Protein chains: 2
Amino acid sequence: MARTQEQRRAETRQQLLEAARDMVAERGIAGASVDAVAEAANLTSGALYGQFGRKEGLLVALLDAWKDATASVIAADFEASSSRDDQLASLWRNLADPPADGGDAWVLLEHELWLYACRHPGARSTVAARYEDARRSLADALPGAAVADDPASEEGLASLLIALVIGLEMQRRLDPDAISDELAVAGLRTLVDAFARTRERA
Amino acid sequence: MARTQEQRRAETRQQLLEAARDMVAERGIAGASVDAVAEAANLTSGALYGQFGRKEGLLVALLDAWKDATASVIAADFEASSSRDDQLASLWRNLADPPADGGDAWVLLEHELWLYACRHPGARSTVAARYEDARRSLADALPGAAVADDPASEEGLASLLIALVIGLEMQRRLDPDAISDELAVAGLRTLVDAFARTRERA
DNA sequence: GTCTATAGATTGATAGAC
DNA sequence: GTCTATCAATCTATAGAC
């Protein structure tokens, strides 16, 4: 029966994390008060402090959950694509029109946590590690990954692709008509092709 | 002598705006309290409310100031560059290592205001217009701008360049070693060259 | 136009009942 | 482990003196 208690605790924890994810995405970190998050999870602030100690504890836990949830989904979707264009299209769609649980929340949360990391040195390394993971796993999944003679340049390409996707998504969110899917995929394709051409020469 | 009063009012206004710019960049919009901003400008909250009415009034004014200050500086620096590579390098340096008054503050403020615009429909069009201006002025300054038969594709290239610069700066701020200046300029160059190649074919 | 003083609401966090 | 109740601090905004 100790098992049931653990489960209940885990459920409470996840309810709080989901509520926090949505509320931080909607109102920002400062705007998501402890009481409001707890109430949205049909709990009270006491439960939240019992689980995370302080508000920052909730944010750190949210950071980890966000790290796991997004990276794995994107990587799986990427590798499941058959053609190279499908791969790049899935990379773009996953940010521009996210299908995962939580939907839009993760994208705004991404920026919220990025800002938080820029201002709080303690959290910076966690967020930095998440971006590095994204670069690495994307570099591994890239077309020419079999040739492992210069992993640095492969991660460079991954950096460019991620940068392009994030920057385009920012512009599209302000004005959906400003960025077409075709433009995004064409831009990604251009970078990948240029990389492949450089690779052939060497 | 009415002139002196106007000047004093304008000075007060600018002191408040500069203090708000730095404090919002450092602590975020929610973290930059009215009292703290006023005190940083060697004034009190009374002066701030006399100038902007409410806190959101200050933010809107800050939005406009930010729009003017950044776009013009970047455009001027861009056009002052001689070679094409210098142009692209200046585009990158202006975000990665900003020389303008306020320095780093503008970059973090950029993200803060972007998030604010995403959440407040009233402010969204202002921020969206700023990004559109950036795309337009960059498109005008681009190499092949003389051929004006397809302005849409030129703005598309500008969208890609801006996206790349923003996304790379985000990654570099978390980990300065992750993004080299050479990689950034090479990425920009790749996109510009591909565009020029497409243009020649047509 | 700016300052002082203060009202009214909300915040993060703690203590003790259950 | 979660809830109720509460404290001290902080916030936006207003009112009236100067």
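Keep in mind that this is a model prediction, so the values were computed, not measured.
- The local environment of CZ in A:R189 is crowded, with over 12 non-hydrogen atoms from other residues, nucleotides or ligands closer than 6.0 Å.
- Looking at the side chain of A:V34, the nearest of the listed nucleotides C:dG1, C:dG12, D:dG1 is C:dG12.
- Not counting sequence neighbours, B:R27 has no partner by the side-chain hydrogen bond (donor to acceptor under 3.5 Å, both in side chains) test.
- Here B:T12 reaches the OP1 or OP2 of C:dT2: one of its side-chain N or O atoms lies under 4.0 Å away.
- Remark: C1' of D:dT12 and CD1 of B:I29 are 15 Å apart, rounded to the nearest angstrom.
- Around CZ of B:R124, the count of heavy atoms belonging to other residues, nucleotides or ligands within 6.0 Å does not exceed 12.
- Distance from the side chain of A:Y49 is smallest for C:dT14 among the nucleotides C:dT2, C:dT14, D:dT12.
- Side-chain N or O atoms of A:E112 include one that pairs as donor or acceptor with a backbone N or O of A:I29 at under 3.5 Å.
- With hydrogens and angles ignored, the 3.5 Å screen pairs no side-chain donor or acceptor of B:Q171 with any backbone N or O of B:I179.
- One interatomic measurement links the two molecules: CD of B:Q7 to C1' of C:dG1, which rounds to 16 Å at whole-angstrom precision.
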| Footprint string (nucleotides 3-10 of chain C, 5' to 3'): B base within contact, S backbone only, - free, heavy atoms under 4.0 Å | BB------

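- Here C:dG12 presents its C1' atom at 16 Å from CZ of A:F52, a figure rounded to the nearest Å.
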Strictly under 3.5 Å: I want the nitrogen or oxygen pairs between protein and nucleotides 16-18 of chain C, one per line.
none

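- Under the 3.5 Å distance criterion, with hydrogens and angles disregarded, a donor-acceptor pair is assigned to the side chains of B:Q14 and B:E18.
- B:R172 has a carboxylate O that lies under 4.0 Å from a charged side-chain N of B:D181, or vice versa, which qualifies the two as a salt bridge.
- Taking atom CZ of B:R8 as the reference point, atom C1' of C:dG1 lies 9 Å away to the nearest angstrom.
- B:L58 places its CG atom 13 Å from the C1' atom of D:dT12, with the value rounded to the nearest Å.
- A donor-acceptor pair is defined here as one N or O able to donate and one able to accept, closer than 3.5 Å; no such pair exists between the side chain of A:D97 and the backbone of A:R93.
- Distance CG (A:L59) to P (C:dA13): 10 Å, rounded to an integer number of Å.
- Nucleotide D:dC11 holds its C1' atom 8 Å from the NZ atom of B:K55, rounded to whole Å.
- The number of heavy-atom neighbours closer than 6.0 Å to CZ of A:R119, taken from other residues, nucleotides and ligands shown, is above 12.
- The separation between A:E56 atom CD and C:dA13 atom C1' is 14 Å, rounded to whole Å.
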